[in-house]
2 protein chains.
Amino acid sequence: MPPPLHPPLSLRLHLLLRSQTLTPLLRRGSSCDAPLCRTRRYISVRASAAQLASAGVATAQQPEGVEEAVVGFVTGKRKATEVAHAVWRNIVQKGDTVVDATCGNGNDTLALLKMVADETARGRVYGMDIQDSAIESTSSFLKMAVGDEHQGLVKLFPICHSRIEEIVPKDAPVRLVAFNLGYLPGGDKTVITVPRTTELALQAASRLLSSGGLISVLVYIGHPGGRTLNSGQMSLKKWAMVLLIFFFLIPRDELDVVESFASSLPVDTWATCKLQMINRPIAPVLILLNKK
Amino acid sequence: MPPPLHPPLSLRLHLLLRSQTLTPLLRRGSSCDAPLCRTRRYISVRASAAQLASAGVATAQQPEGVEEAVVGFVTGKRKATEVAHAVWRNIVQKGDTVVDATCGNGNDTLALLKMVADETARGRVYGMDIQDSAIESTSSFLKMAVGDEHQGLVKLFPICHSRIEEIVPKDAPVRLVAFNLGYLPGGDKTVITVPRTTELALQAASRLLSSGGLISVLVYIGHPGGRTLNSGQMSLKKWAMVLLIFFFLIPRDELDVVESFASSLPVDTWATCKLQMINRPIAPVLILLNKK
């Protein structure tokens, strides 16, 4: 079923679309070059049972701890995204301000909402995605998952992730900025994020983040733009060809951009690390940047 | 203070030296080419207070969980070796057979001993190091740390780590094989392990390991043999020069050997992953290979 063009009227989450109050903001001081902006596809506008289950909603399951997630990852039973969520839960506190820079289907947005929401209603989740449809998908998913509860805590914007600073209030200390880069799992692998705007987004996120905060980047590398070089799986000839292309024909890939940015951060104020599967070449790579 | 040539007479751990029962074993079917064998230096033959404290002995501290170790690693407060030990504690059980393939100062050997030792005395720790002095250092450290307790559970051999299969009984299912590759922390960084024998050792360890077991490799890359390429810290010219050297002059470095081996393992029977700091170029890299 094709997605509706607009979110349901009943939707009471604070969804800002182009026709609403964000428009002037979008037009003013745009640093985003449209052709470079990331584009990604949503899977559905309605939350599926699988989505809800994976977000721990339908089953009301207890959130997984870091120990279970990491040991599960090491033994091939857990995904990098589960490790990411478990680490987030150790960083994010109730009442915090957080950003989902790439909403996609809204899984991370919901996970973050559950981490910051409490009776004080001070927590905020700022969600972004360049595609209206992804924002609609996310808002529908949130509506299905939590109904009217915590309405107003989530603010969604259909803009490029490089423009975080335009949507988060300047006086709000941001505890976490989450990115999912590359193709959307289960989606069209030809629709990918773009390194140039990702670099801008990371720079903006690093400026926004408060001390003790985390930038979490999950890079899906199962596409040409995100693929990294793996010496263990390539012959000398293939290496030579790839390197030739790498140096002269193709701009830096997305993982390389993220790693380059992470490695450039000063060690006295940042701790940056990477977690990846080695014998699954297309498994996503988790990069975590902690501001000390 | 120079190390003694032999361990103290009072040492009651099961230390097998060349003059003892291992000699025939060493001479028979040697697959180790001496010049290729790893060499490394011990720091002291007596366990220092710092060593004991870091091993959780002097302070009698509670072993750290994976959650604390991983979140500490992400925030720059814990080392990769602490993550490794925390993961080991989730894999290794009392009564297991484990191998410390690179004893060094004995920190890992002691950690492993504490994981397998119980009143049944079924557990075994097989420790190896190509240098007699490292074996002496390890046995002294164990003596200092646990005295005569658990004597007979640790068996130390002054041989190359590529020869694991010669020391572990064929009928013993091995739960964990631990490697520390490269220079010894705090030691002479010009004394490093050698890729060729490490490759042989990994192959042997993978054959020995029982289902559900783990090969844990910590690669110290702060030396020429272990250094990996990091695009974020190098210009195009430096890349080109390094690649030229990489292809035509220098054999594969140690981290590359380990990653290549890990990536070659079939995904249906192995889960292999890597954890590393990004903005600390000489921080050790942790590679974990789990046999499903």
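Each chain gets a letter, A, B and so on, in the order the sequences are listed, and its residues count up from 1.
Looking at A:N290 and B:T75, their side chains never bring a donor and an acceptor atom within 3.5 Å of each other.
For B:L289, no part lies near chain A; criterion is any non-hydrogen pair under 4.5 Å. If you measure heavy-atom distances from A:I91 to chain B, the contacts under 4.5 Å come from the side chain alone. The part of B:I287 that comes within reach of chain A is its side chain, from C-beta onward, which places non-hydrogen atoms under 4.5 angstrom from that chain. Of the two parts of B:L288, only the side chain, counted from C-beta on, holds a non-hydrogen atom closer than 4.5 Å to a non-hydrogen atom of chain A. In this structure, chain A has heavy atoms under 4.5 Å from both the backbone and the side chain of B:K274.
Across every non-hydrogen atom of B:E64 and B:A86, the tightest pair is O-CB, 3.7 Å.
Judged by distance alone, the side chain of B:E259 and the main-chain N or O of B:D256 form no donor-acceptor pair under 3.5 Å.
Side-chain contact between A:W270 and A:L209 is present, with heavy atoms from C-beta onward closer than 4.5 Å. A:L176 has its side chain out of reach of A:D96: every pair of non-hydrogen atoms, C-beta onward, lies at least 4.5 Å apart.
Ranking A:V71, A:N90, A:L214, A:L265 against chain B, the residue ahead of the rest is A:N90, based on heavy-atom pairs under 4.5 Å.
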